[in-house]
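So that the names make sense, note that chain A is the first sequence line, chain B the second, and so on, each numbered from 1.
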Amino acid sequence: MEKTYSPQSIEQNWYQTWEEKGYFAPQEGNGNAYCIMIPPPNVTGSLHMGHAFQDTIMDALIRFHRMMGEKTLWQVGTDHAGIATQMVVERIINAEGKTRHDYGREKFIEKAWQWKAESGGTITKQLRRMGTSLDWSRERFTMDEGLSKAVHEVFISLYEEGLIYRGKRLVNWDPVLHTAVSDLEVLSEEENGHMWYMRYPLSNKTGHILVATTRPETMLGDAAVAIHPDDERYKHLLGEFVELPLTGRKIPIVADEHVDPEFGTGCVKITPAHDFNDYEVWQRHRDLSAIQDQPHGGLINVFTVDAAIRENQEDEGKLIPEKYIGLERMEARKQILADLEAEGLLEKTKDHKLMVPRGDRSGSIIEPFLTNQWYVKVGPLAKPAIEAVENGDIQFVPDNWKNTYFEWMRNIQDWCISRQIWWGHRIPAWYDQEGNVYVGRSEQDIREQHKLPDDCLLKQDEDVLDTWFSSALWPFSTLGWPDKTQELENFYPTNVLVTGFDIIFFWVARMIMMGLKFMGEVPFREVYVHGLVRDAEGQKMSKSKGNILDPIDVIDGISLDDLLQKRTAGMMQPHLAQRIEKQTRKDFPEGIPAYGTDALRFTFASLASTGRDIRLDNGRIEGYRNFCNKLWNAARYVLMNTESQDNDLPGKPGEFSTADLWIESRLNQVIDDVTRAINNYRLDLAAQAIYEFTWNEYCDWYLELAKISLQSDNQALQRGTRKTLISVLETLLRLAHPIIPFITEEIWQRVGPLAGKSGETIMLQPYPKAEPEKINRGAINEINWVMDFILGVRRIRGEMNIPPGKPLPALLQDGTEHDKLLLEKHNVYLKKMARLESITWLSSQHQAPESATSLVGNMKILIPMAGLIDKDAELARLEKEIHKIKKDLPRIEGKLNNPGFVEKAPQVVIEKEKEKLAALQSSLQNLQEQHKKISAL
RNA sequence: AGGCGCGUAGCUCAGUUGGUUAGAGCACCACCUUGACAUGGUGGGGGUCGGUAGUUCGAAUCUACUCGCGCCUACCA
């Protein structure tokens, strides 16, 4: 093996080998099935830390279950990401000086496929770098043939059942993208704005009513002014009309509970075509003749798809005043305010904070807009989906996320699934010239089914489906649905969905609804919700903040200059570049060293405690890289001592030392801990257990103890030790493999054969199984005694500044028979590891020479001072220990003197306290005697 | 407004049903290049668990209130 651990040189090859050999595909056999569906990343996207974190969790689970002998599938694929991808392709086209309309729909879609072909490999390549054991042979794309078929089947079936319908309603309209978006795709944030107080003159000429609004430009579409029915200030005005300024229209004053008398002036302008609340008010009052008789029954749209003031239609006369036609909404606002001002109708303007809804993709202000759209009636689908979580068919981890789920599902609105874009699944609906709608698999099918004559022209709906519509089918569409496949049989329902909380609504809830509807069974048994990956400052990573870290850069390393370049290139707001540069220089003064995939994965695993965001800390990644290095070097040592050696092969007698029995015992305890942790989704605990066992026990103690056995003349003991060195290491590699696949494979290739393993890869070896009968309490106690002894001597060395290499004589006093036995047995360990030149018993009566003291139970270890120990230093040391005990004693004494404690606490606890007290008391006495002795010198 | 989560050593985080002296890594201090490893070894310093009150023999752990931070949902024109 190479002397230094270098991830680059080992990680490159293994992935390719694994993939080529088909190890990622489900293994045939009798095991239970285990399946995870990857949340399909955007096909043209690239891997970010969130993916890397999520994929590490999934891969660890998958590798674990695969090694448990289960028939394991990690389904891979990508999402077409309608709006996101369309925007990217449009940007490319814009750079050519054209628009998508210059291309036309067909050419544009061609261009999008071309873009997918070019850049679609980026993220899958990056996924491979993470070591993900995804079954690439089954890779799917949400717009490939099979998945599109599933989409059509679902659409048609829901339509036929009346669960998909078309309707004209107010939707969230993105005036930049020219498409409807769902509620979830609208992000509202507080922004600074104004509240304008406008005077609407009363028709009876008795004055005016004062209306407060944040959107004066929509007044052109007002249909009424509303007041609260109990508002004494305005009650008398009910039934009256106001002159709607600038328009010459008359609109009624109506009463509605929606109005909050405390807010603004208590009078609200009602603009039903441009506000969701107003729309509802309108619905309640639409039958009033004063509303009904208005143009469009009062539902007056004033905008174009660009959110500019529209033109009048032929039959509308001058409904929209010509002056404003064509003005973009903000310009229209300015003009209208100016005109109101001129007419003395603008009473005042106040600063006002308001929530502004913006499209999550375009960032433009979303406009409530009246359009025809397709909807899924979700009520009937939501009901069983709620029940599935209530009755435990699906469990959230951590459990509290189910509250978020219920909250949303119980207030769910119909889902607007049509989008006015081009990239996506086109809605399988056709219209004839009379406007009749036909839904079917193809135009051909529809003609046959409805016996339409050839001269009947059919035109397909222009819209495409919301991307999440196809994502919702992912758990079964990828397995071949609507065909009845063996894969569906084997892997549906899947076991766990690993996801971020941000898409519980978008995706998780919808998968549950669709899965129950079309498979009659939940899509997954558990939903593991992980946290967000944040930067070292706890900030969300985002491009505009310039704090993005590319997982690949952590793996391969990157220079400061390249990192700066990456973070500041192509910035929308160049003025932020300076701040980003400063921050980057501070966080990564020397760039990022190449930590390797395993170190990054181990870091993610160790931070993956449930339900908590994680802060990525460079120090921690470095620490786990060091851990890999430690494992590497331990393996080197083991190999150096065992390769081409006689390692207790069958037929030769082997003898096991207490250290051998001890490390085997601990290993089996740790296997149990790790297995339990992984089963509970506590990768952090699993990682920690592996870390501590490897470093603090196997390396720090066992390897050192083993060296001693290997130096003995006892051939059988040597053989036993070599066998233990190998078998523990080999088991440890398998134990750690789900988290750090590369280094464990690399080492296992050398160690496996020595342990008598014959497989080609560690990936397909059985996961270690704890064998409780191998846990030897006696051996554990003995080695703990040995450690206490050695640590006692080391502490004296450390605090007395005695060089570690200097051999010392040790005297022992007040030992029990058991101490004597153990000393006899482990004399060599103690001498070598504590660097003692001699160990001599002293009877209790015997006057000990002036010494530094350490206690193992009641047994005193005395290191004679004879010139090397400083009297004052030893006194200080003793005082420190005495002080410690004196601090603890009163608390324990108090406990035991407390009648309540003695009466009510469990017997075991009381016994423990008593033992503790006795031990402390005798230690104290010993230390005080020693202190007296030394001070007398 | 409602809901959820967090607050433990300088930093990043563990702490399972309340019960040994509250742990780990990084950072820090001292000593050590010993033949697996200086990406290392040995020893050490450092927190009373955001605050207050309570339940209990016993609270970082349970309850109430409170302060600070974050997120989600809904929203007043």
Q.
Let's test this: given Watson-Crick or G-U wobble pairing with both distances under 3.5 Å, identify the partner of B:rC62.
A. B:rG54
Q.
The criterion is ring pair (Phe, Tyr, Trp, His ring centres under 6.0 Å); which residues satisfy it with A:His883, sequence neighbours excluded?
A. none
Q: Could you list by number each residue of residues 220-230 of chain A showing a heavy-atom separation from RNA chain B of less than 4.0 Å, or answer none if no residue does?
A: none
Q | Candidate nucleotides B:rA77, B:rG19, B:rU21, ranked by approach to the side chain of A:Ile892 - the nearest | A | B:rU21
Q: Select base, sugar-phosphate, or nothing to describe what A:Lys880 touches, counting heavy atoms under 4.0 Å on all strands.
A: sugar-phosphate
Q | Nucleotide nearest A:Asp684 when distance is taken to its side chain, options B:rG45, B:rA14, B:rC37 | A | B:rA14
**Q.** N/O (side chain, A:Trp701) to phosphate O (OP1/OP2, B:rU42) under 4.0 Å
**A.** no
Q) Taking the six-membered ring for Trp, are A:Tyr624 and A:Tyr691 ring centroids under 6.0 Å apart? A) yes
Q. With respect to the side chain of A:Phe901, which nucleotide from B:rG35, B:rA14, B:rG19 is positioned closest?
A. B:rG19
Q. If you check the A:Arg794 side chain, which of B:rG43, B:rU39, B:rU73 turns out closest?
A. B:rG43
(Q) Less than 4.0 angstrom between a side-chain N/O of A:Arg795 and OP1 or OP2 of B:rG44, yes or no? (A) yes
(Q) How many whole angstroms separate atom NZ of A:Lys916 from atom C1' of B:rG58? (A) 11 Å
Please tabulate the protein-to-nucleotide N/O contacts below 3.5 Å involving nucleotides 4-11 of chain B, giving atom names and distances.
{"unit_1": "B:rC4", "atom_1": "O2'", "unit_2": "A:Asn400", "atom_2": "ND2", "d": "3.3"}

Q.
Does anything in residues 890-910 of chain A form a ring-ring contact (aromatic ring centres under 6.0 Å, His included)? List the pairs, not counting sequence neighbours.
A. none
Q.
As a test of reading the structure: which of B:rU12, B:rG19, B:rA36 is closest to the side chain of A:Arg620, going by heavy atoms?
A. B:rU12
Q. Taking CG from A:Asp360 and P from B:rU73, how many angstroms apart are they, rounded to a whole number?
A. 11 Å
Q: For the pair A:Glu915 and A:Lys912, find out whether any cationic side-chain nitrogen is under 4.0 Å from an anionic carboxylate oxygen.
A: no
Q. Can you tell me the Watson-Crick or wobble partner of B:rA1, both distances under 3.5 angstrom?
A. B:rU73
Q) Looking across every strand, which nucleic acid part, if any, lies under 4.0 Å from A:Met355 by heavy atom: base, sugar-phosphate, or nothing? A) base
Q. Which part of the nucleic acid, if any, lies within contact of A:Trp196, taking any heavy atom under 4.0 Å across all strands shown: a base, the sugar-phosphate backbone alone, or nothing?
A. nothing
Q.
In this structure, how many angstroms lie between the C1' atom of B:rU12 and the CZ atom of A:Phe602, rounded?
A. 15 Å
Q: Give a yes-or-no answer on whether the side chains of A:Arg636 and A:Asn633 include a donor-acceptor pair shorter than 3.5 Å.
A: yes
Q. Taking CG from A:Asp673 and C1' from B:rA14, how many angstroms apart are they, rounded to a whole number?
A. 14 Å
Q. Are OP1 or OP2 of B:rA77 and a side-chain N or O of A:His352 less than 4.0 angstrom apart?
A. yes
Q) Which listed nucleotide (B:rA36, B:rU39, B:rG45) is nearest to the side chain of A:Lys630? A) B:rA36
Q: Figure out the CD/P separation between A:Glu881 and B:rG43, and round it to whole Å.
A: 14 Å
(Q) Rounded to whole Å, how long is the line connecting atom OH of A:Tyr637 with atom P of B:rG35? (A) 13 Å
Acceptor/donor pairs from residues 400-408 of chain A side chains to any protein atom, 3.5 angstrom cut, sequence neighbours excluded:
{"unit_1": "A:Lys402", "atom_1": "NZ", "unit_2": "A:Asp399", "atom_2": "OD2", "d": "3.1"}
{"unit_1": "A:Asn403", "atom_1": "ND2", "unit_2": "A:Asn400", "atom_2": "O", "d": "3.3"}
{"unit_1": "A:Tyr405", "atom_1": "OH", "unit_2": "A:Ala385", "atom_2": "O", "d": "2.7"}

Q) B:rA36, B:rA77, B:rG44: which one has an atom nearest the side-chain heavy atoms of A:Glu704? A) B:rA36
**Q.** Touch class at under 4.0 angstrom, heavy-atom based, for A:Tyr691 against every strand present
**A.** sugar-phosphate
(Q) Heavy atoms only, 4.0 Å cut-off, all strands: where does A:Pro899 land among base, sugar-phosphate and nothing? (A) nothing
Q: Counting Watson-Crick and G-U wobble pairs only, both distances under 3.5 Å, name the nucleotide matched with B:rG25, or none.
A: B:rC11
Q) Between B:rU39, B:rG45, B:rU73, which nucleotide gets closest to the side-chain atoms of A:Phe505? A) B:rU73
Q.
Judged by each residue's nearest nucleotide on RNA chain B, which is more toward the 5′ side, A:Tyr624 or A:Ala634?
A. A:Tyr624
Q: For A:Phe604 and B:rC13, give me the distance from atom CZ to atom P, rounded to whole Å.
A: 13 Å
Q) Any side-chain N or O of A:Lys832 under 4.0 Å from OP1/OP2 of B:rU34? A) no
(Q) Tell me which nucleotide, if any, is Watson-Crick or G-U wobble paired with B:rG68 when both distances must be under 3.5 Å. (A) B:rC6
Q.
Is A:Asn633 close enough to B:rU39 that one of its side-chain N or O atoms is under 4.0 Å from OP1 or OP2 there?
A. no
Q. Between A:Glu692 and A:Asp183, which is nearer to the 5' end of RNA chain B once each is assigned its nearest nucleotide?
A. A:Glu692
Q | Closest nucleotide among B:rA77, B:rC71, B:rU20 to the A:Thr213 side chain | A | B:rA77
(Q) If I take atom CG from residue A:Leu244 and atom CG from residue A:Asp222, how far apart are they, to the nearest 0.5 angstrom? (A) 5.0 Å
(Q) Just to be sure I understand the rule, does A:Ile270 reach a base, reach only the sugar-phosphate, or reach nothing, if contact means heavy atoms closer than 4.0 Å? (A) nothing
Q) Taking the side chain of A:Cys699 as heavy atoms from C-beta outward, which of B:rU39, B:rA36, B:rU42 is closest to it? A) B:rA36
Q.
Below the 4.0 Å mark, does B:rG15 have OP1 or OP2 next to a side-chain nitrogen or oxygen of A:Arg682?
A. yes
**Q.** Nearest-0.5 Å distance that lies between atom CD in A:Glu697 and atom CG in A:Leu732
**A.** 11.0 Å
(Q) Suppose we screen for side-chain hydrogen bond (donor to acceptor under 3.5 Å, both in side chains). Which residues come up paired with A:Gln921, at least two apart in sequence or across chains? (A) none
Q. Atom CD1 of A:Ile743 and atom P of B:rU39: how far apart are they, to the nearest Å?
A. 16 Å
Q. Base, sugar-phosphate, or nothing: which does A:Leu920 touch, judged by heavy atoms less than 4.0 Å apart?
A. nothing
Q) Touch check for A:Lys3, heavy atoms < 4.0 angstrom, all strands: base, sugar-phosphate only, or nothing? A) sugar-phosphate
**Q.** Charged N-O contact under 4.0 Å between A:Arg215 and A:Glu217
**A.** yes
